[in-house]
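Here the structure is a predicted model, which is why all the values come from computation and not from measurement.
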Amino acid sequence: MVKAIRVYELGGPEVLKWEDVQIGEPNEGEIRVKIQAIGLNFVDVYIRKGVYKIATMPFTPGVEAAGVVTAVGPGITGWKVGDVVAYAGGSMGSYSEEQILPANKVVPLPPSINPTVGASIMLKGMTVHYLVRCCFKVEPGHIVLVHAAAGGVGSLLCQWANALGATVIGTVSTNEKAVQAKEDGCHHVIIYKEEDFVARVNEITSGNGVHVVYDSVGKDTFQGSLACLRPRGFMVNFGQSSGTPDPVPLPSLGAKALFLTRPSLMHYSATRDDLLEAAGEVFANVASGVLRVRVNHKYPLSQAAQAHADLESRKTSGSVVLIPDCLWQDVLN
């Protein structure tokens with residue numbers, strides 16, 4: 001038996017229960033991993049609330065982690081006990097001390113990247129990869145608007161877009177987060193509680209608008225984001241922390257011939273080659289210093305409910321990582 005978080009009903013952070021669970025042995029095509037660090041992401045909140053539907057109840061949440069292989073299933077080649085691996089997406093259940101995973105959904109974690117960083121960079125880093133390299137290919141001279149610029153994805157997104165030569169405009173909620181966004185490559189930072197971000201973007205761009213908006217906030221920013229775009233601009237909505245945006249009448253996009261997309265990591269890492277390419281580029285950028293990973297908050301796994309509450313109330317910045325309680329003392333030391 002191992003400890004894990006279980007969910008029996010949809011709702012607030014209080015539905016996250018700390019329990020004993022049976023993991024079992026890996027079957028063909030699977031490996032068992034002793035989890036060392038777990039990435040907390042807004043998708044975990046969406047699933048807990050029921051915004052994203054799941055097939056079965058009860059369930060163990062979590063879609064990102066890093067750890068050590070402790071067993072391999074029949075017929076597995078390429079993996080052995082003791083390998084350090086990481087994964088993001090494809091399987092749910094990382095809020096646990098151990099997990100059974102499809103062997104083709106994990107990647108080797110380079111020795112230069114520790115499990116805590118690995119667990120915080122996989123989903124967020126590969127998300128940024130498809131945002132700046134696939135959805136809209138950011139190039140020198142582009143002006144980009146990043147909402148939640150001090151968040152886990154936003155921090156990395158600002159850094160990567162800056163490194164690609166873009167002018168980066170970021171929105172944040174506090175002065176403290178504005179300082180971080182500046183450090184992460186934002187040329188202009190807008191504290192949206194103090195000024196109208198649409199008017200400010202219009203001023204910064206001399207009325208021309210931005211080439212692309214990366215919006216993970218959703219309902220509260222969606223219409224304003226569209227207003228910030230220049231003709232033939234790209235609206236990339238990849239999250240909805242404030243709620244689902246209202247429906248968009250298709251003709252409204254025609255006024256400026258705008259492009260609108262709602263991507264997900266699942267579709268940009270569907271094949272093994274896609275997964276390895278994205279993870280490899282993320283790891284290379286961490287190694288070269290293009291990406292500086294901010295693990296600003298750590299919680300024992302048993303306190304996942306508090307971590308969820310803090311994330312939802314915007315008390316966090318950068319990445320949030322959960323550590324299995326059996327390893328928590330090592331973190332404190």
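You'll find the ring centres of Phe197 and His147 inside the 6.0 Å limit. His267 has its ring centre no less than 6.0 Å from the ring centre of Tyr130.
Residue Leu276 is grouped with residue Leu123 when hydrophobic side chains (ILVMFWY) are merged at heavy-atom distances under 4.5 angstrom, including chains of intermediate members. Neither Val168 nor Val201 shares a network with the other; the hydrophobic side chains, linked directly or stepwise wherever heavy atoms of I, L, V, M, F, W or Y lie under 4.5 Å apart, form separate groups for each. Residues Leu253 and Leu145 are members of one and the same hydrophobic cluster, defined by side-chain heavy-atom contacts under 4.5 angstrom among Ile, Leu, Val, Met, Phe, Trp and Tyr. There is a path of hydrophobic side-chain contacts, each under 4.5 Å, that joins Leu265 to Leu291. Trp328 and Ile38 fall within a single hydrophobic cluster, where Ile, Leu, Val, Met, Phe, Trp and Tyr are joined by side-chain heavy atoms under 4.5 Å apart, directly or via other members.
Here the CG atom belonging to Asn296 is positioned 7.5 Å from the OG atom belonging to Ser155, to the nearest 0.5 angstrom. Taking NE2 of His297 as the start and OG of Ser317 as the end, the distance is 4.0 Å to the nearest 0.5 Å. Here the OG1 atom belonging to Thr171 is positioned 14.0 Å from the NE2 atom belonging to His188, to the nearest 0.5 angstrom. How far CD1 of Ile121 is from CG of Leu156: 4.5 Å, rounded to the nearest 0.5 Å. With rounding to the nearest 0.5 angstrom, the CZ atom of Arg314 is 7.0 Å from the NZ atom of Lys177. Between Ile143 atom CD1 and Arg230 atom CZ the span is 5.0 Å, to the nearest 0.5 Å.
Across Pro74 and Asn27, no two heavy atoms sit closer than the pair CD-C, 3.6 Å. Nearest heavy-atom pair across Asp274 and Ser269 is CB-CA, 3.8 Å. The minimum heavy-atom distance linking Leu109 with Gly118 is given by the pair CD1-CA, 3.9 Å. Here the closest heavy-atom approach between residue Val290 and residue Ala163 is recorded as CG1-CB, 3.7 Å. Residues Pro108 and Phe283 approach most closely at O-CE1, 3.7 Å, considering heavy atoms. Scanning both residues, Val210 and Val213, for their nearest heavy atoms gives CG2-CG2, 3.7 Å.
For the pair Glu195 and Ile190, the minimum side-chain heavy-atom distance is below 4.5 Å. Within the 4.5 Å cutoff, no side-chain heavy atoms of Val212 are placed close to those of Phe259. Contact of the Tyr192 side chain with the Glu194 side chain is not registered, since no non-hydrogen atoms from C-beta on lie closer than 4.5 Å. At a threshold of 4.5 Å between non-hydrogen side-chain atoms, the residues Val69 and Lys34 do not count as touching. Counting heavy atoms from C-beta on, the side chains of Ile323 and Thr116 come closer than 4.5 Å. Within the 4.5 Å cutoff, the side chain of Val153 has heavy atoms near those of the Phe238 side chain. Residues Asp184 and Arg294 have side chains in contact (heavy-atom distance under 4.5 Å, counting atoms from C-beta outward). The closest side-chain heavy-atom distance from Ile54 to Ile47 is below 4.5 Å.
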Query raised in the report: Taking it one step at a time, do Leu101 and Tyr87 satisfy side-chain contact (heavy atoms from CB on, under 4.5 Å)?
Result: CA-CA 9 Å; Leu101 289 164; Tyr87 88 97; 3.7 Å; yes
Requested in this report: I would like to know whether Cys135 and Phe234 meet side-chain contact (heavy atoms from CB on, under 4.5 Å); could you show each step before the answer?
Outcome: CA-CA 9 Å; Cys135 286; Phe234 279 71; over 6 Å; no
Requested in this report: Just do the side-chain contact (heavy atoms from CB on, under 4.5 Å) check on Ser91 and Val63 with the steps written out, would you?
Outcome: CA-CA 6 Å; Ser91 292; Val63 294; over 6 Å; no
Report task. Take Thr60 and Arg6, measure what side-chain hydrogen bond (donor to acceptor under 3.5 Å, both in side chains) needs, and give me the verdict at the end. Result -> CA-CA 5 Å; Thr60 297; Arg6 298 288 281 169; 3.0 Å; yes
Requested in this report: In sequence, state the C-alpha distance, the side-chain angles, and the governing distance for Tyr214 and Asn237, and then conclude on side-chain hydrogen bond (donor to acceptor under 3.5 Å, both in side chains).
Outcome: CA-CA 6 Å; Tyr214 294 113; Asn237 171 245; over 6 Å; no
Query raised in the report: Checking side-chain contact (heavy atoms from CB on, under 4.5 Å) for the pair His142/Phe136: CA distance, chi angles, key distance, verdict?
Result: CA-CA 10 Å; His142 285 150; Phe136 178 88; 3.5 Å; yes
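Considering Val33, Ile5, Ile23 in turn, Ile23 is the only one that fulfils the side-chain contact (heavy atoms from CB on, under 4.5 Å) rule with Ser96.
In this structure, Gln159 contributes its side chain and Gly185 its backbone to no donor-acceptor pair below 3.5 Å. Of the possible polar contacts, one joining the Asn208 side chain to the Thr205 backbone as a donor-acceptor pair under 3.5 Å is found. Side-chain N or O atoms of Asp83 include one that pairs as donor or acceptor with a backbone N or O of Lys80 at under 3.5 Å. Formation of a donor-acceptor pair under 3.5 Å by the Lys53 side chain with backbone atoms of Gly50 is found in this model. Proximity of a side-chain donor or acceptor of Ser242 to a complementary backbone N or O of Lys219 within less than 3.5 Å is detected. Although no hydrogens or angles enter the test, the distance criterion places no donor-acceptor pair under 3.5 Å between the side chain of Asn41 and the main chain of Asp44. A donor-acceptor contact shorter than 3.5 Å links the side chain of Gln180 to the backbone of Ala150.
Note on Glu277 versus Arg272: no salt bridge recorded, every NZ/NE/NH1/NH2 to OD/OE distance being 4.0 Å or above. Here Lys3 pairs with Asp20 in a salt bridge; the nearest charged N to carboxylate O distance falls below 4.0 Å. Between Glu98 and Arg32, at least one side-chain nitrogen of the basic residue sits less than 4.0 Å from a carboxylate oxygen of the acidic one, meeting the salt-bridge criterion. Under 4.0 Å is where a charged nitrogen must lie from a carboxylate oxygen, and between Glu183 and Arg292 no such pair does. Look at Arg48 and Glu312 and you find a salt bridge, because one of the NZ, NE, NH1 or NH2 atoms lies within 4.0 Å of a carboxylate O, short of that distance.
A perpendicular orientation is assigned to the rings of Tyr95 and His308, their planes being inclined by more than 60° (bins at 30° and 60°).
For Glu14, the CD atom counts as densely surrounded, since its 6.0 Å shell holds more than 12 non-hydrogen atoms of other residues, nucleotides or ligands.
Qualifying side-chain hydrogen bond (donor to acceptor under 3.5 Å, both in side chains) partners for Asp310, counting only residues two or more places apart in sequence or in other chains: Tyr299, Gln306. A search for salt bridge (charged side-chain N to carboxylate O under 4.0 Å, His left out) contacts involving Lys182 returns nothing, not counting sequence neighbours.
Counting only N and O atoms by type, the side chains of Tyr8 and Glu19 include a donor and acceptor under 3.5 Å apart.
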